[in-house]
*Asks:* 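Below: one structure in structure tokens.
Atoms within each ligand, like the ligands themselves, are counted from 1 in listed order.
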Amino acid sequence: MSENGELKRIELPYSVTVRELSEILQISPIEVIKNLMANGVMANINQEVDFDTAAIVAAEMGFDASPLVVEEESLEDTAEIPLWRQWIADEDPKNLQVRPPVVGILGHVDHGKTSLLDAIRQTDVAGGEAGGITQHIGAYQVKHNERLISFIDTPGHAAFTAMRARGAQGADIVVLVVAADDGVMPQTREAISHAKAAKVPIVVALNKMDRPNAAPDQVKQQLAEVDLVPDEWDGDTLVVPISAKEKTGLDDLLEAILLVADNNEILANPNGRVFGTVIEASHERGRGAMATFLVQNGALKIGDAVVAGQTCGKIKAMFDYKGETIAKAPPSVPVSVMGMDEIPAAGELFRVAKSTKAAREIVERRKQLVADRKAAASGGMTLEQLFARVQAGEAQELRLIIKADVQGSLEPIVSSLNDMNVEGIGVNILHADTGSIGENDVMLASTSDAIIIGFNTQPDAAARRMSETEGVSIRTYNIIYRLTEDIDKALKGLLEPEKREVTLGRANVLAVFGASRIGKAAGCRVVEGEIRRNARIRVLREEEAIFEGEIASLKRHQDDVREVREGFECGIGLRGFNDFEEGDVIECFTIEEVKVI
Ligand code: GDP
């Protein structure tokens with residue numbers, strides 16, 4: 001203990017051997033072992049103890065232990081700009097060099113993504129012989145005009161939704177495939193939202209131009225309506241007509257990609273920190289965990305210790321997309337690597353650590369953090385937590401994904417939310433569409449740290465499950481003002497996290513009765529749930545709340561009652577409100593205490 005009686009501060013790793021702990025605390029290992037025994041832990045000198053145990057021993061020795069931050073870094077890649085891009089931005093500009101663009105292909109189902117990826121791969125001159133044999137590793141490279149382009153090539157398997165969301169995050173350019181005979185469809189719009197959220201430029205491949213019913217001008221019009229104004233109309237989106245089937249327009253598409261690449265300074269430091277994105281990973285018999293890494297900075301080498309999410313490993317062998325062994329992978333090169341302890345998740349950021357030991361420590365720490373967070377965050381990212389992040393300066397905006405039943409309700413919601421701005425903190429609507437809330441919405445919310453707002457629509461079962469595992473918050477409303485009010489409160493920081501409103505029922509005002517002892521009363525029919533005498537009420541006129549307060553009298557056939565159920569008529573008098581009109585809605589609700597951590 002220090003002289004003033006306070007505990008001395010020290011930092012301890014998440015896992016430490018008894019010997020290391022004794023060195024850190026500068027006491028003999030025997031003392032540490034005795035102390036552990038006193039606390040019911042039997043350990044020899046080389047045994048590892050976890051942070052909590054080590055902290056108890058440290059406390060008894062007069063130390064206040066906090067977890068050692070192994071390397072300064074943020075665990076999550078949830079920032080507006082993907083973390084890897086921030087890391088490249090951290091490099092000394094004089095070391096940065098142009099690297100090949102990494103392209104992700106997105107679009108509506110059946111519009112021809114797979115066909116396009118196959119067609120481009122077949123034009124592959126980088127592969128050597130024409131139509132060179134390529135391994136499927138989830139990404140490949142082609143050469144056009146002596147310049148390399150990397151394509152992320154994730155097939156339509158189960159994890160495709162996740163990859164599509166993250167594919168946009170790993171890419172420098174998105175090629176949006178739109179079938180000229182089908183036009184802009186829901187997944188086209190989603191893809192645009194993904195690309196915009198990750199701030200990745202879009203090139204449109206107008207596919208299936210060989211089809212007799214191809215209507216390119218009509219599709220260009222639709223594109224313009226979703227803010228992708230074709231360059232020939234003085235916009236800044238390159239729209240390239242192609243046919244993946246007939247293999248026409250592919251050179252023009254590659255040309256357009258390189259043009260966009262030139263305008264966007266796609267850079268990396270080939271000699272800097274080594275990191276990139278996990279494209280896909282699987283278990284292969286005889287080889288163990290195989291993962292495809294897309295190197296985004298530095299050069300990945302055999303023998304490197306790597307951390308990817310909550311897994312780590314040491315690279316034993318690397319193969320390029322042709323299946324050939326390579327010893328070193330520079331920026332923008334996809335490689336299939338052998339040597340990870342477990343299968344990392346697609347979309348995860350990977351990076352090289354100083355040593356295998358450091359890599360293990362980082363993984364331990366991450367696991368611990370995730371476990372802590374899980375324990376702390378039952379219910380995922382709430383509006384309140386998002387607001388806390390805004391306040392803490394971790395986010396400058398509330399990111400929302402809006403789903404509504406019909407276009408007619410979507411538009412007023414979007415326009416009123418767009419206008420909201422409180423002291424510089426605004427709303428950013430990443431995606432707004434009609435229909436139920438699906439897995440894709442949850443995926444987008446999860447990758448971009450947004451919450452989902454449903455208006456007169458609900459999540460489907462799969463989306464609900466995914467929202468629970470991904471920790472994404474979904475709030476549904478059926479009254480516009482409630483929705484906007486909540487968002488406004490969130491922006492102002494006025495949301496009271498420990499309270500939540502629960503609607504009990506609604507009644508329509510059918511007639512207004514003359515004054516009685518307690519003022520005017522409304523003749524109502526309960527149209528939903530129930531009206532309770534002792535609950536709170538709100539009077540709505542054309543969806544606007546005009547009064548909030550308490551019930552003074554609730555009667556059925558002159559009798560005072562405690563509650564009236566759906567389908568029944570009743571008379572309602574309110575304390576302090578006499579201004580009923582026919583057509584008003586009386587909403588009955590209670591405030592429930594909800595524990596938000
Ligand atoms: P994905 O779901 O976006 O990957 O679409 P696919 O590549 O699987 O293509 C869907 C269907 O459209 C397949 O039957 C393809 O043969 C067909 N298709 C793709 N591109 C073209 C094209 O340029 N012209 C024509 N006529 N058909 C195409």
*Asks:* Which protein non-hydrogen atom lies closest to atom 2 (O) of ligand 1, naming both residue and atom, and how far is it?
*Replies:*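 Looking at atom 2 (O) of ligand 1, the protein heavy atom closest to it is Asp110 N, 2.7 Å.
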*Asks:* In terms of side-chain geometry, is the basic nitrogen of Arg147 or Asp262 positioned less than 4.0 Å from the acidic oxygen of its partner?
*Replies:*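 Answer for the salt bridge query: yes.
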*Asks:* Decide whether Asn297 and Glu91 meet the rule of one side-chain donor and one side-chain acceptor closer than 3.5 Å.
*Replies:*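 Short answer, yes.
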*Asks:* Between Lys220 and Glu232, does any NZ, NE, NH1 or NH2 come within less than 4.0 Å of an OD or OE carboxylate oxygen?
*Replies:*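 Salt bridge present between Glu232 and Lys220.
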*Asks:* Report the nearest protein non-hydrogen atom to atom 19 (C) of ligand 1: residue, atom name, distance rounded to 0.1 Å.
*Replies:*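 Nearest neighbour among protein heavy atoms for atom 19 (C) of ligand 1, to 0.1 Å: Ser115 OG, 3.2 Å.
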*Asks:* Provide the number and element of each atom of ligand 1 under 4.0 Å from a heavy atom of Lys113.
*Replies:*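 Heavy-atom distances to Lys113 below 4.0 Å select 1 (P), 2 (O), 3 (O), 4 (O), 5 (O), 7 (O).
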*Asks:* Quick test of your reading of the structure: of His108, Lys245, Lys247, whose heavy atom lies closest to atom 25 (C) of ligand 1?
*Replies:*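 It is Lys245 that holds the nearest heavy atom.
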*Asks:* For the pair Phe293 and Phe350, name the ring-plane relationship: parallel under 30°, tilted 30 to 60°, perpendicular over 60°.
*Replies:*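 Phe293 vs Phe350 ring planes: parallel.
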*Asks:* Salt bridge check, Lys208 against Asp181: does any charged N sit closer than 4.0 Å to a carboxylate O?
*Replies:*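 No.
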*Asks:* Atom 26 (N) of ligand 1: which protein heavy atom is closest, and how many Å away?
*Replies:*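 Result for atom 26 (N) of ligand 1: Asp210 OD2, 2.9 Å.
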*Asks:* Would you say atom 15 (C) of ligand 1 touches the protein, meaning some protein heavy atom is under 4.0 Å from it?
*Replies:*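 Under the 4.0 Å cut-off, atom 15 (C) of ligand 1 does have protein heavy-atom neighbours.
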*Asks:* With only distance considered, is Met209 within less than 3.5 Å of ligand 1 through an N or O on each side?
*Replies:*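 No, no N or O pair falls under 3.5 Å.
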*Asks:* Kindly state whether the ring of Phe455 and the ring of Tyr477 have centres lying under 6.0 angstrom apart.
*Replies:*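 So the answer is no for these two rings.
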*Asks:* At what distance is the nearest protein heavy atom to atom 28 (C) of ligand 1, and which residue and atom is it?
*Replies:*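 Answer for atom 28 (C) of ligand 1: Lys208 CE, 3.7 Å.
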*Asks:* How far is atom 5 (O) of ligand 1 from the closest protein heavy atom, and which atom is that?
*Replies:*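 Sorting protein heavy atoms by distance from atom 5 (O) of ligand 1 puts Gly112 N, 3.1 Å first.
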*Asks:* To which protein heavy atom is atom 27 (N) of ligand 1 closest, and what is the distance rounded to 0.1 Å?
*Replies:*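 Here the closest protein heavy atom is Arg211 NH2, 3.6 Å.
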*Asks:* Which heavy atom of the protein is the closest neighbour of atom 20 (N) of ligand 1, given with residue, atom name and distance?
*Replies:*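 Ranked first by proximity to atom 20 (N) of ligand 1 is Asn207 ND2, 3.1 Å.
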*Asks:* Does a donor on one side chain and an acceptor on the other come within less than 3.5 Å for Gln141 and Ser150?
*Replies:*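 Yes, side-chain donor-acceptor contact under 3.5 Å.
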*Asks:* Between Arg99 and Asp172, does any NZ, NE, NH1 or NH2 come within less than 4.0 Å of an OD or OE carboxylate oxygen?
*Replies:*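 Salt bridge flag = yes for Arg99 with Asp172.
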*Asks:* Give the residue, atom name and distance (to 0.1 Å) of the protein heavy atom nearest atom 4 (O) of ligand 1.
*Replies:*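 Answer, as residue, atom name and distance: Thr114 OG1, 2.5 Å.
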